[in-house]
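Everything numeric here is computed off the predicted structure, so don't read it as measured data. In what follows, chains carry the letters A, B, and so on, assigned in the order in which the sequence lines appear, proteins first and then strands, with residues in each chain numbered from 1.
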There are 2 protein chains.
Amino acid sequence: MVKQRFRATSYDVAEAAGVSQSTVSRALSGDPIVAAATRERIVEAARRLNYHIDSSASRMRSGRLNTIAVVVICPEDEDVRAFNPFHYALLGGICAAASARGMETIVSFQGAPDRLDDHFERSRRAIGMIVFGTSENRAAWDYFQASADDGCHVVCWGAPAPAHELPWVRADNHGGARAAVEHLLDHGYRRIVYVGEADCPQRQFAERYDAYAETLQAAGLAPRIMTLEPGLSRHEQGRRAAAALLEAGEPFDGLFTACDDIALGAMALLEERGLNVPGDVGVVGFDGVKAGQFSVPPLTTIEPDFAVAGKALVNRLQALVDGEDGPQGRVPVRLVVRGSALGRVATPA
Amino acid sequence: MVKQRFRATSYDVAEAAGVSQSTVSRALSGDPIVAAATRERIVEAARRLNYHIDSSASRMRSGRLNTIAVVVICPEDEDVRAFNPFHYALLGGICAAASARGMETIVSFQGAPDRLDDHFERSRRAIGMIVFGTSENRAAWDYFQASADDGCHVVCWGAPAPAHELPWVRADNHGGARAAVEHLLDHGYRRIVYVGEADCPQRQFAERYDAYAETLQAAGLAPRIMTLEPGLSRHEQGRRAAAALLEAGEPFDGLFTACDDIALGAMALLEERGLNVPGDVGVVGFDGVKAGQFSVPPLTTIEPDFAVAGKALVNRLQALVDGEDGPQGRVPVRLVVRGSALGRVATPA
DNA sequence: CTGAAAGCGCTTACAG
DNA sequence: CTGAAAGCGCTTACAG
């Protein structure tokens with residue numbers, strides 16, 4: 001219970017173990033040249049004195065940083081409540097992957113245009129940055145693109161805008177969208193509309209649309225897109241898109257949406273208007289967010305492997321820092337079948 | 001686009017500005033004693049050379065750390081997908097509060113018993129730790145309790161076990177639970193059951209139960225509790241509890257649950273069994289998680305102020321480090337009225 | 001208001 | 001296999 005005021009240095013350990021300070025440093029950094037018996041004495045003395053290597057001193061002398069900065073781009077108002085939970089799962093995957101590689105993660109949530117900050121690498125706090133989050137905050141993405149242009153090491157999830165040339169890691173959007181559409185087709189849905197954007201800052205959405213269109217055409221069916229109203233939450237965009245589809249009058253019986261939040265919004269509106277999901281309309285989302293487990297019906301979705309995504313981002317950043325400009329990364333996805341696209345119910349008329 | 005190999009030091013800036021290195025250090029650290037004209041020359045030179053203070057060197061020399069470690073306790077299998085989104089919102093609040101105080105946050109997700117780690121403070125990476133997450137991972141909580149006993153500075157959200165004596169910050173569970181129960185009463189519900197635990201490691205749950213019971217008794221009604229099956233997800237616990245209530249046969253028309261995920265599970269089961277929420281049963285949760293916005297009906301809940309919670313935790317940790325053992329913290333909550341407790345529908349019989 | 005100098009606690013050639 | 005010594009890049013008394 002006693003808080004220690006005294007903090008041991010490597011000199012204290014050296015004295016206690018009867019060796020020089022440099023030998024302590026070698027022993028505790030795992031240098032195999034140190035004799036086993038010597039190492040044992042040193043480790044024991046360090047334990048007794050509750051000694052731990054001072055990270056600042058070690059970093060300064062060695063130049064090795066062993067830290068990654070993770071920047072989560074939020075909406076400009078920085079409201080984290082409304083934030084897409086997909087990004088939180090990705091954050092967890094990145095932190096776990098970094099930890100598995102013996103690296104630490106400095107995490108910052110950035111949104112407000114006047115508070116964007118990329119000092120991490122310049123001040124030698126981190127070897128580089130992993131950036132991800134909402135593609136809506138254009139100012140933030142432009143800012144970190146500028147950081148990269150300026151010599152910082154930046155890797156991102158997604159890569160939002162065509163103009164942005166950041167090294168990226170993405171989901172297998174093609175395979176995922178194909179699996180989603182095939183799932184709908186297999187369950188008898190034929191008039192399947194894509195809800196999202198085909199030509200938008202969020203490149204991943206465009207990839208999902210392309211694979212959707214290809215898969216439908218391969219089945220001899222025509223693609224159809226319902227685009228989103230800008231400036232709204234994904235959920236609200238989904239609601240409005242579904243409403244617009246009903247208003248348009250053109251019949252449809254399936255929705256493949258650019259992300260889960262859009263799907264949840266669309267489902268809610270369809271139910272309100274008296275349509276049954278999946279009996280009248282089948283719905284498949286993309287992201288694997290937790291809320292989809294609890295919706296009524298539970299949402300069938302495409303879920304990226306968050307652990308693999310985290311590893312891929314960390315590896316890519318390390319490679320970039322090491323000067324290897326490796327290939328872009330793709331993260332595998334899987335179809336999570338829940339209740340929202342289990343098949344049409346034949347209705348009279 | 002050119003990556004700079006050269007990294008300027010304060011000596012380079014000194015030379016460029018025609019002053020000594022110590023003056024550069026003073027000017028850039030904001031020491032007001034430096035003449036305005038000198039400071040200007042220095043700032044300009046630093047900008048030109050793209051100079052930034054080396055964080056390791058600064059920390060080593062000054063001893064000031066300016067970093068907080070944030071430990072998010074996960075389930076032992078470290079599956080971040082199943083993780084309560086409430087904790088993510090709290091994480092965001094903490095990072096924002098730290099940033100507003102000019103501090104950085106090292107974030108780690110810890111779950112597996114053999115990978116628990118509290119080296120942050122010992123190795124001078126951080127001034128202390130803010131710990132929160134699932135109360136189910138007892139081994140992890142015991143571990144960080146031991147860290148605190150051992151002299152580390154630890155502040156937590158909630159404080160899970162009675163045996164744990166960590167400094168904490170908690171929601172205003174009393175006020176929140178009272179508001180929840182009063183909302184149910186105001187909308188005509190009379191047989192209101194608490195779903196959760198009254199006597200459990202999660203102290204916050206106990207506080208919510210106590211206020212629930214008090215409020216009911218003040219209205220001349222009898223409290224009733226339906227406890228949870230251990231070892232399941234909160235959602236599944238909610239389902240089972242609702243099923244058990246139906247089986248018990250004793251009539252009820254309202255549920256106040258210990259957290260939102262329990263409420264969502266309970267609502268799903270009630271709907272499956274043909275009961276209408278809120279027409280037959282009113283439901284109010286606690287946490288303000290996003291999934292509650294999208295459930296059918298949307299979940300009425302008690303939401304803590306995440307920004308205030310983050311600030312309170314950061315302040316409390318700083319005070320602890322400064323040797324001021326201030327009072328425990330309470331974070332205000334607000335009732336978020338959505339659709340799940342809008343009133344009974346009078347049904348025949 | 002500014003400069004010369006010491007020193008924070010390590011890692012790592014270099015020498016033996 | 002181990003030790004003596006230099007030095008990473010700052011901050012901060014001390015002197016002027």
Side-chain angles (χ1 to χ4, degrees), chain A residues 4-43 45-46 49-67 102 119 121-127, chain B residues 4-43 45-46 49-67 102 119 121-127:
Chain A
Q4 49 189 43
R5 298 260 140 264
F6 167 76
R7 180 182 279 270
T9 69
S10 53
Y11 285 92
D12 300 314
V13 177
E15 195 177 337
V19 294
S20 74
Q21 181 270 339
S22 25
T23 301
V24 171
S25 177
R26 288 195 195 93
L28 297 180
S29 71
D31 189 333
I33 212 170
V34 177
T38 312
R39 155 172 291 115
E40 245 169 68
R41 277 211 319 286
I42 292 172
V43 167
L49 293 172
N50 195 17
Y51 170 75
H52 297 265
I53 297 174
D54 182 300
S55 144
S56 298
S58 169
R59 287 157 163 247
M60 172 155 65
R61 182 55 239 242
S62 74
R64 282 187 296 267
L65 255 33
N66 149 45
T67 301
H119 70 277
E121 192 171 350
R122 309 186 193 283
S123 62
R124 275 190 177 292
R125 277 167 156 80
I127 60 168
Chain B
Q4 49 189 42
R5 298 260 140 265
F6 167 76
R7 178 182 280 271
T9 69
S10 53
Y11 285 91
D12 299 314
V13 177
E15 195 178 338
V19 294
S20 74
Q21 181 269 339
S22 24
T23 300
V24 170
S25 177
R26 287 196 196 91
L28 296 180
S29 70
D31 188 333
I33 211 169
V34 177
T38 312
R39 154 171 293 115
E40 245 170 66
R41 277 211 319 287
I42 293 172
V43 167
L49 294 171
N50 194 18
Y51 170 76
H52 297 266
I53 297 174
D54 182 300
S55 142
S56 299
S58 170
R59 286 157 164 247
M60 173 154 66
R61 183 54 240 243
S62 73
R64 282 187 296 266
L65 254 35
N66 145 43
T67 301
H119 71 278
E121 193 172 348
R122 307 185 193 284
S123 62
R124 275 189 177 293
R125 277 168 156 80
I127 59 168

Side chain to side chain contact (heavy atoms under 4.5 Å, CB included) between A/R59 and A/L65, intermediate numbers included
CA-CA 6 Å; A/R59 287 157 163 247; A/L65 255 33; 4.2 Å; yes
Answer with base, sugar-phosphate or nothing: what part of the nucleic acid does [X] contact at a heavy-atom distance below 4.0 Å?
X: A/T38; answer: sugar-phosphate
X: B/R64; answer: sugar-phosphate
X: A/T9; answer: sugar-phosphate

Sub-3.5 Å donor-acceptor pair from the side chain of [X] to the main-chain atoms of [Y], do we have one?
X: B/R7; Y: B/H52; result: no
X: A/S123; Y: A/H119; result: yes
X: B/R41; Y: B/A16; result: no

Please tell me which of B/P32 and A/Y51 maps to the more 5' nucleotide of DNA chain C, matching each residue to the nucleotide holding its nearest heavy atom.
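Result of the comparison: B/P32.
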Please give me the minimum heavy-atom distance between A/S58 and A/I53, naming the atom from each residue.
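That would be CB-CG2, 3.9 Å.
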What closest approach, in Å, do A/I42 and A/A27 show between heavy atoms, and which atom pair accounts for it?
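Nearest pair, atom of A/I42 first, then A/A27: CD1-CB, 3.6 Å.
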Residues which pass side chain to side chain contact (heavy atoms under 4.5 Å, CB included) with [X], listed by chain and number, not counting sequence neighbours:
X: B/D54; result: A/R124, B/S56, B/A57
X: B/R61; result: none
X: B/S22; result: B/S20, B/R26

Covered region of DNA chain D, 5' end to 3' end, by chain A [heavy atoms, under 4.0 Å]:
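For DNA chain D, the relevant span reads D/dC1 to D/dG9.
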Dot-bracket for DNA chain C, 5' to 3', with Watson-Crick and G-U pairs under 3.5 Å, [ ] for crossing pairs and | for other-strand pairs: what is it?
|||.||||||||.|||
What residues from residues 55-62 of chain B pass a heavy-atom cutoff of under 4.0 Å to DNA chain C?
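Nucleic-acid contacts, sorted: B/M60, B/R61.
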Is it true that, when you exclude B/Q21 itself, more than 12 heavy atoms of the residues, nucleotides or ligands shown sit nearer than 6.0 Å to its CD?
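Yes.
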